[in-house]
Participant: 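One structure coming up, written as structure tokens, with questions to follow.
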Amino acid sequence: MRFLHFRLVGPAIVGIALFIAGMATFPYYGVKRIDAEARRSQEMLVERNISLWISDVEFSLTAWTIWDEAIAKLDNSFDAEWADRNIGASLIGTSRTRSVVVLDSHDAIIYTRTDDTVKDMPFFVRGPAAMVKDASELLTTVRSREHQPKKPGIPSPLAVSRIVVIGDEAVLLSASLFQPDFGTSKPKGDRAPILITAMPIGGTLQDFFGKRFLLNDAQISPLPAVSPDRARAEIAVGTEGEVEVLSWLPPTPASDILWQSLPLILTVGVVLIAGTVLMIRITQTTAQMLVSRERQMRHAATHDFLTGLANRSLLQPEFTALIEKGPLMVVCLDLDGFKAVNDTRGHAMGDELLKVVAERLRAGIRAEDRLFRLGGDEFAIMMPGLSGVEAAEICRHLSASLSNKMNLPGCEVSIGASFGISEVATNGTSCEAALKGADAALYCAKSTGRGSVVMESSVEKHQSGSHALKTALGR
């Protein structure tokens, strides 16, 4: 009976085993396509993240390049002392920029300053003329865009950047056009001065980007030296124009699953059920790992690395979603006294201060409000469903919270914050226009006094009052 039973059941078992083995061969055909799609997806995310990081650096330079006084002191009548104090010393003291060059309308050097801490590094020891030469393509691009049509109001930043590599040393080189903000001063000719900045990238490029974007075995090498099986993104150039490529081992989800499943295919029979369970667990683990990795990279692309707040890439989507529900208050705020902390305590303490500021802002707004870090010490808040009076009251509470002493590692500091509020009543107003309105109100608030809150609708009133006070004092 047992032999008969085996003869009846045996062919069925063998048939099922052959069927499963045959079905197991089908994944081979899709492995390369799935792995190629996963690789390209990660390459696109890395390229986008690098672009966003460079955009944030370029936007932070607008505090110096979009400024009426800069046009007056650098172009209309060059003031070397003003340039050293408000461009060179200010940039090097409040940002990660370590070398500054200003070119006049004829692209001739009129001012330069390099921080003593980097003067002996290979990139900077060559002098400002070599730095300008490295930026020649950037200058050409900025000049070609200089006279393109511009929208009315405060102009958009015009800047171009690239990463330059010398040996193991990497520098982010940027060229930015000086532009007037409110038009009280304008270039005397048809071309404005240009600011060239150099920001060293700490450590090696592969460590910087590899850890930032969670890349496996990140390496920097010339393009011809990269093997075909490695994912890549062109990120830098050498001093002779050669392309430098960031490469890494790409995710291979299909191959991983296939190789991990291969033993199960060969162990059909007694361990069939156990093998099936194991394959399901491996598949789930791999899928969870991929989803987690993609979620982390997407979060890194849309959020500030230091404070964890949403960055500029989420401004437009959040604005669109909120304005469709009703009126919206857009707030821009800028810290008062942050530069002094950076100058006296160092950038590391400045970073700690920004983290504390972010925590206090989170604690002081409503759950339905949206908080962003725009760059440097600038933040933005979107407040739906509030009147101007209610929004101003919240801003005053935030100003009071930020003015309280902050306990940082080894010290205690005090700062303040100024607020500008723009009211958006309908979805006919763009996000850019709302931010410019709030920024104009912020500019007026900072001129009014530390910790001030100004509505866009009252900017003209504040400016008139300020003018009247100055006139009275002049008499």
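All figures in this text were calculated on a predicted structure; none of them were measured in a lab.
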Participant: Kindly confirm or rule out a cation-pi arrangement of Arg312 over Phe59, judged by NZ or CZ under 6.0 Å from the six-membered ring centre and within 45° of its axis?
Facilitator: yes
Participant: So Phe419 and Val454, side chain to side chain contact (heavy atoms under 4.5 Å, CB included) or not? Walk me through it.
Facilitator: CA-CA 6 Å; Phe419 294 76; Val454 174; over 6 Å; no
Participant: For a 4.5 angstrom cut-off between non-hydrogen side-chain atoms, does Val413 reach Leu353?
Facilitator: yes
Participant: Do you know the tightest heavy-atom contact between Leu195 and Val100?
Facilitator: CD1-CG1, 3.4 Å
Participant: I'd like to know if the side chain of Asp75 reaches the main chain of Ile71, judged simply by a donor and an acceptor atom lying under 3.5 Å from each other, with no hydrogens or angles considered.
Facilitator: no
Participant: Side-chain contact, heavy-atom cut-off 4.5 Å: Val330 with Glu423?
Facilitator: no
Participant: Apply salt bridge (charged side-chain N to carboxylate O under 4.0 Å, His left out) to Asp369 and list each qualifying residue two or more places apart in sequence or on a separate chain.
Facilitator: Arg366
Participant: Apply side chain to side chain contact (heavy atoms under 4.5 Å, CB included) to residues Leu246 and Leu215 and explain how you reach the verdict.
Facilitator: CA-CA 10 Å; Leu246 171 67; Leu215 304 180; 3.9 Å; yes
Participant: Measure from the side-chain N and O atoms of His147 to the backbone N and O of Arg191, and report whether any donor-acceptor pair falls under 3.5 Å.
Facilitator: no
Participant: Please examine the side chains of Leu61 and Pro157, heavy atoms only from C-beta on, and report whether any two atoms are closer than 4.5 Å.
Facilitator: no
Participant: Would Arg126 count as a cation-pi partner of Phe123, with NZ or CZ less than 6.0 Å from the six-membered ring centre and within 45° of the ring normal?
Facilitator: yes
Participant: Check whether the side chains of Arg230 and Ser247 place a donor and an acceptor atom closer than 3.5 Å, and report yes or no.
Facilitator: yes
Participant: Which atoms form the tightest heavy-atom contact between Ala70 and Trp64, and what is the distance?
Facilitator: CB-O, 3.9 Å
Participant: Step by step, work out the salt bridge (Lys or Arg N to Asp or Glu O under 4.0 Å) result for Lys119 and Asp116.
Facilitator: CA-CA 5 Å; Lys119 282 185 175 181; Asp116 291 338; 3.1 Å; yes
Participant: For Leu173 and Ser161, run side chain to side chain contact (heavy atoms under 4.5 Å, CB included): C-alpha distance rounded to whole Å, both residues' side-chain angles, the deciding distance at 0.1 Å, then the answer.
Facilitator: CA-CA 5 Å; Leu173 198 60; Ser161 303; over 6 Å; no
Participant: Walk me through it: do Glu37 and Ser41 pass the test side chain to side chain donor-acceptor pair (under 3.5 Å)?
Facilitator: CA-CA 6 Å; Glu37 290 177 356; Ser41 175; over 6 Å; no
Participant: Between atom CD of Glu359 and atom CG of Leu354, what is the distance when rounded to the nearest 0.5 Å?
Facilitator: 11.5 Å
Participant: Would you compute the distance between atom CG of Leu214 and atom CH2 of Trp248 and round it to the nearest 0.5 angstrom?
Facilitator: 12.0 Å
Participant: Looking at Leu91, is its backbone amide N or carbonyl O close enough to the side chain of Ser95 to form a donor-acceptor pair, meaning the two atoms are under 3.5 Å apart?
Facilitator: yes
Participant: Which pair of heavy atoms, one from Pro228 and one from Arg39, lies closest together, and at what distance?
Facilitator: O-NH1, 2.9 Å
Participant: Determine, step by step, whether Arg98 and Thr197 satisfy the side chain to side chain contact (heavy atoms under 4.5 Å, CB included) criterion, reporting the C-alpha distance in whole Å, the side-chain angles of both residues, the deciding distance to 0.1 Å, and the verdict.
Facilitator: CA-CA 8 Å; Arg98 285 297 168 265; Thr197 59; over 6 Å; no
Participant: Tell me if a side-chain donor or acceptor on Asp217 pairs with a main-chain N or O of Leu249 at a distance below 3.5 Å.
Facilitator: no
Participant: Check whether any side-chain N or O of Asn311 sits under 3.5 Å from a backbone N or O of Ala301 as a donor-acceptor pair, and report yes or no.
Facilitator: yes
Participant: Would you mind telling me which of Thr114, Asp120, Asp115 makes a side-chain hydrogen bond (donor to acceptor under 3.5 Å, both in side chains) with Thr117?
Facilitator: Asp115
Participant: Roughly how far, to the nearest 0.5 Å, is OG of Ser156 from CG of Leu158?
Facilitator: 9.5 Å
Participant: Please check if the number of heavy atoms outside Arg96 that lie under 6.0 Å from its CZ is greater than 12.
Facilitator: no
Participant: How long is the straight-line distance from CG of Asp351 back to CG of Leu306, given to the nearest 0.5 Å?
Facilitator: 4.5 Å
Participant: Is there side-chain contact between Ile421 and Cys395, with at least one heavy-atom pair below 4.5 Å?
Facilitator: yes
Participant: Could you tell me whether the side chain of Val459 reaches within less than 4.5 Å of the side chain of Tyr443, counting heavy atoms only?
Facilitator: no
Participant: Got a second to check how far Thr302's OG1 is from Leu314's CG, nearest 0.5 Å?
Facilitator: 4.5 Å
Participant: Are any side-chain N or O atoms of Thr307 and backbone N or O atoms of Asp304, one a donor and one an acceptor, separated by less than 3.5 Å?
Facilitator: no
Participant: Mark yes when over 12 heavy atoms from residues, nucleotides or ligands other than Lys150 sit less than 6.0 Å from its NZ; otherwise mark no.
Facilitator: yes
Participant: Do Met383 and Glu368 have side chains that approach each other closer than 4.5 Å (heavy atoms only, starting at C-beta)?
Facilitator: no
Participant: So does Thr141 get a backbone contact from the side chain of Ser144, meaning a donor-acceptor N/O pair under 3.5 Å?
Facilitator: yes
Participant: Quick one: pull up CD1 in Ile196 and CG in Asp134 and give me the separation to the nearest 0.5 Å.
Facilitator: 9.5 Å
Participant: Of the non-hydrogen atoms in Pro180 and Ile66, which two are nearest, and what is the gap between them?
Facilitator: O-CG2, 4.2 Å
Participant: Which atom pair, heavy atoms only, marks the closest approach of Cys332 to Leu442?
Facilitator: O-CD1, 3.9 Å
Participant: Hey, does Met349 have a side-chain heavy atom less than 4.5 Å from the side chain of Pro409?
Facilitator: yes
Participant: If you measure only the distance, is there a donor-acceptor pair under 3.5 Å linking the side chains of Asp336 and Ser418?
Facilitator: yes
Participant: Check whether any side-chain heavy atom of Phe379 lies under 4.5 Å from a side-chain heavy atom of Leu374, and answer yes or no.
Facilitator: no
Participant: Report the C-alpha distance between Arg143 and Asp107 in whole Å, list the side-chain angles of each, state the deciding distance to 0.1 Å, and finish with yes or no for salt bridge (Lys or Arg N to Asp or Glu O under 4.0 Å).
Facilitator: CA-CA 10 Å; Arg143 289 300 185 196; Asp107 294 341; 2.7 Å; yes
Participant: Do Arg345 and Glu352 sit within salt-bridge range, that is, some charged N less than 4.0 Å from a carboxylate O?
Facilitator: no
Participant: Which residue, Arg40, Gln42, Arg48, forms the side chain to side chain contact (heavy atoms under 4.5 Å, CB included) with Met44?
Facilitator: Arg40
Participant: Which atoms form the tightest heavy-atom contact between Leu177 and Glu146, and what is the distance?
Facilitator: CD2-CG, 3.6 Å
Participant: Check whether any side-chain N or O of Thr62 sits under 3.5 Å from a backbone N or O of Thr65 as a donor-acceptor pair, and report yes or no.
Facilitator: no
Participant: Please check if the side chain of Arg113 supplies one atom and the backbone of Tyr111 the other of a donor-acceptor pair under 3.5 Å.
Facilitator: no
Participant: For the backbone of Ala425 and the side chain of Thr429, can you confirm whether one donor and one acceptor N or O come within less than 3.5 Å of each other?
Facilitator: no
